[in-house]
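Values below: every heavy atom of this structure, side chains too, minus hydrogens, waters and symmetry copies.
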Amino acid sequence: MDFIAIDFETANNHPTSACSIGLAFVRDGALAGHTSYLIRPEPFYFDPFTTAIHGLTERDVFQAPTFAQLWPQISAHFENAVVAAHNAPFDIGVLRSTLAFYGLPLPDMRLLCTVLLSRRAFPALPSHRLNVVSDALGISLAHHQAESDAIACAGILCHLMRQNHLQTLGDVKRHFRVFPGSCSASGGYRPCRLQPSYPLPGSLLEAWESGEAFCDSLYEKSFVFSGKLQMPRAKAMEAVIRGGGMVQSCVSSYTDYLVLGVPGRQSSQKSKALTLRQRGSAIQIIDEQAFLSLMDAKLFQLCFPQK
């Protein structure tokens, strides 16, 4: 799998204050190149706390390009790419915020977080910080230097793929039970997420990993069930998992469907979903019958076999 690993350092607590970016390029499962750039941050000041972390100051970046000036030089690497980062919500958050600040479109990307993958691969580690995981794998690291951090992130993902004989993004997804995140030029964003360990038979998770019954309308979608369903809740969860989706315990900004059961008292999940929709979220609120109609014939037969 080809991918690009990235790391940002920031000048202060503003997500638009990128002052350095590191890039590591992986082709055919091996590191093919790496580079870094200094960036003139916005707003232009350095917090002593962040300087203590990465060592950069105003003097280092005074003549550096702004991110808007740098972006045309590096943007092609991101378009339709798999982008990995260690603690991806931070680095992707900086990228999204900075592009938005300068009025630049977000590229279409698939996202992987090596923190999440490390948590699943190495549960016994005392921490899954980049330096701890790198040390455990024997990966050289000059921590908080953007280029070195990006190389280490790439090394972690390459190690996990080699160790488990994985070749594609789909292989990574199924083996680690992870939902790759995504960004789109339309502004859509979904973080990388781990598939929870549901209280269901292991055969169901094996079915999810093998992709035996993925359904287009459920694939990589997130569902929340609220209220009393006519079907057993375990059956509803089974349908989502077999269809390649994910069940959440409560509504969030990346929930796709809130499925409401038998009407009763006002659902707190419905109230939260309506609030998020007012803020621009695309959550769909449906009933149980509409949920059943999302399934294709193959999935429906698997979950509700005719007697």
To the closest 0.5 Å, what do you measure between [atom1] ([X]) and [atom2] ([Y])?
X: Met231; Y: Phe225; atom1: CE; atom2: CZ; value: 7.0 Å
X: Ile39; Y: Thr16; atom1: CD1; atom2: OG1; value: 11.5 Å
X: Ser226; Y: Arg233; atom1: OG; atom2: CZ; value: 7.0 Å
X: Thr255; Y: Arg277; atom1: OG1; atom2: CZ; value: 12.5 Å
X: Tyr254; Y: Gln248; atom1: OH; atom2: CD; value: 5.0 Å
X: Asp2; Y: Thr168; atom1: CG; atom2: OG1; value: 12.0 Å

Backbone N or O of [Y] within a donor-acceptor pair of the [X] side chain at under 3.5 Å?
X: Glu288; Y: Gln230; value: yes
X: Lys221; Y: Asp256; value: no
X: His54; Y: Thr10; value: yes
X: Gln269; Y: Val251; value: yes
X: Thr66; Y: Gln69; value: yes
X: Thr35; Y: Leu23; value: no
X: Ser293; Y: Ala290; value: yes
X: Arg120; Y: Phe176; value: yes
X: Arg119; Y: His128; value: no

A side-chain contact here means heavy atoms from C-beta on lying under 4.5 Å apart; do [X] and [Y] qualify?
X: Pro180; Y: Lys173; answer: yes
X: Ile74; Y: Ile21; answer: yes
X: Ile4; Y: Val82; answer: no
X: Phe44; Y: Phe62; answer: yes
X: Phe122; Y: Leu160; answer: yes
X: Leu125; Y: Ser118; answer: no

Determine whether more than 12 heavy atoms belonging to other residues, nucleotides or ligands lie under 6.0 Å from atom [atom1] of [X].
X: Asp216; atom1: CG; answer: no
X: Gln63; atom1: CD; answer: no
X: Asp28; atom1: CG; answer: no
X: Gln289; atom1: CD; answer: no
X: Gln301; atom1: CD; answer: yes

According to ring-ring contact (aromatic ring centres under 6.0 Å, His included), who are the partners of [X], at least two apart in sequence or on a separate chain?
X: Phe78; value: Trp71
X: Phe300; value: Phe304
X: Tyr257; value: Phe223

Those residues at least two apart in sequence (or on a different chain) that pass side-chain contact (heavy atoms from CB on, under 4.5 Å) with Gln73 are Tyr37, Leu70
Sorted by chain and residue number, the side-chain contact (heavy atoms from CB on, under 4.5 Å) partners of Ser186 (sequence neighbours excluded) come out as Ser184
In terms of side-chain heavy atoms, does Asp60 have a donor or acceptor partner in Thr57 at a distance below 3.5 Å? yes
Please determine whether residues [X] and [Y] belong to a single hydrophobic cluster, defined as Ile, Leu, Val, Met, Phe, Trp and Tyr linked transitively by side-chain heavy-atom distances below 4.5 Å.
X: Leu117; Y: Leu166; answer: yes
X: Val26; Y: Val83; answer: no
X: Ile6; Y: Val115; answer: no

Fill in: Step-by-step side chain to side chain contact (heavy atoms under 4.5 Å, CB included) determination, Leu56 to Ser20
CA-CA 9 Å; Leu56 295 173; Ser20 178; 3.9 Å; yes
For [X] versus [Y], what's the shortest heavy-atom pair and its separation?
X: Pro41; Y: Val61; answer: CD-CG2, 3.7 Å
X: Cys113; Y: Cys192; answer: N-SG, 3.6 Å
X: Cys303; Y: Ala239; answer: SG-CA, 3.5 Å
X: Leu258; Y: Ala273; answer: CD2-CB, 3.9 Å
X: Leu130; Y: Ala152; answer: CD1-CB, 4.0 Å
X: Tyr45; Y: Glu58; answer: CA-OE2, 3.8 Å

Please name all residues satisfying side-chain hydrogen bond (donor to acceptor under 3.5 Å, both in side chains) with [X], sequence neighbours left out, ordered by chain then number.
X: Glu147; answer: His34, Ser36
X: Ser17; answer: Asn12
X: Asp135; answer: none
X: Ser222; answer: Arg193

The complete set of ring-ring contact (aromatic ring centres under 6.0 Å, His included) pairs with one or both residues in residues 13-32, sequence neighbours excluded, reads Phe25-His77
Applying salt bridge (Lys or Arg N to Asp or Glu O under 4.0 Å) to Asp171 and not counting sequence neighbours gives Arg174
Residue pair Leu274, Ile285: steps toward the side chain to side chain contact (heavy atoms under 4.5 Å, CB included) verdict:
CA-CA 9 Å; Leu274 290 172; Ile285 302 174; 3.7 Å; yes
Let me have the donor-acceptor pairs involving side chains of residues 89-112, under 3.5 Å, with sequence neighbours excluded, atom names and distances please.
| residue | atom | partner | partner atom | Å |
| --- | --- | --- | --- | --- |
| Asp91 | OD1 | Phe8 | N | 2.8 |
| Ser97 | OG | Gly93 | O | 2.9 |
| Thr98 | OG1 | Val94 | O | 2.7 |
| Asp108 | OD1 | Ala185 | N | 3.0 |
| Arg110 | NE | Gly181 | O | 3.3 |
| Arg110 | NH2 | Glu220 | OE1 | 3.0 |
| Arg110 | NH2 | Glu220 | OE2 | 3.3 |

task: Would you sort out whether Phe3 and Leu169 count as a side chain to side chain contact (heavy atoms under 4.5 Å, CB included), showing the intermediate values?
output: CA-CA 10 Å; Phe3 66 91; Leu169 182 62; over 6 Å; no
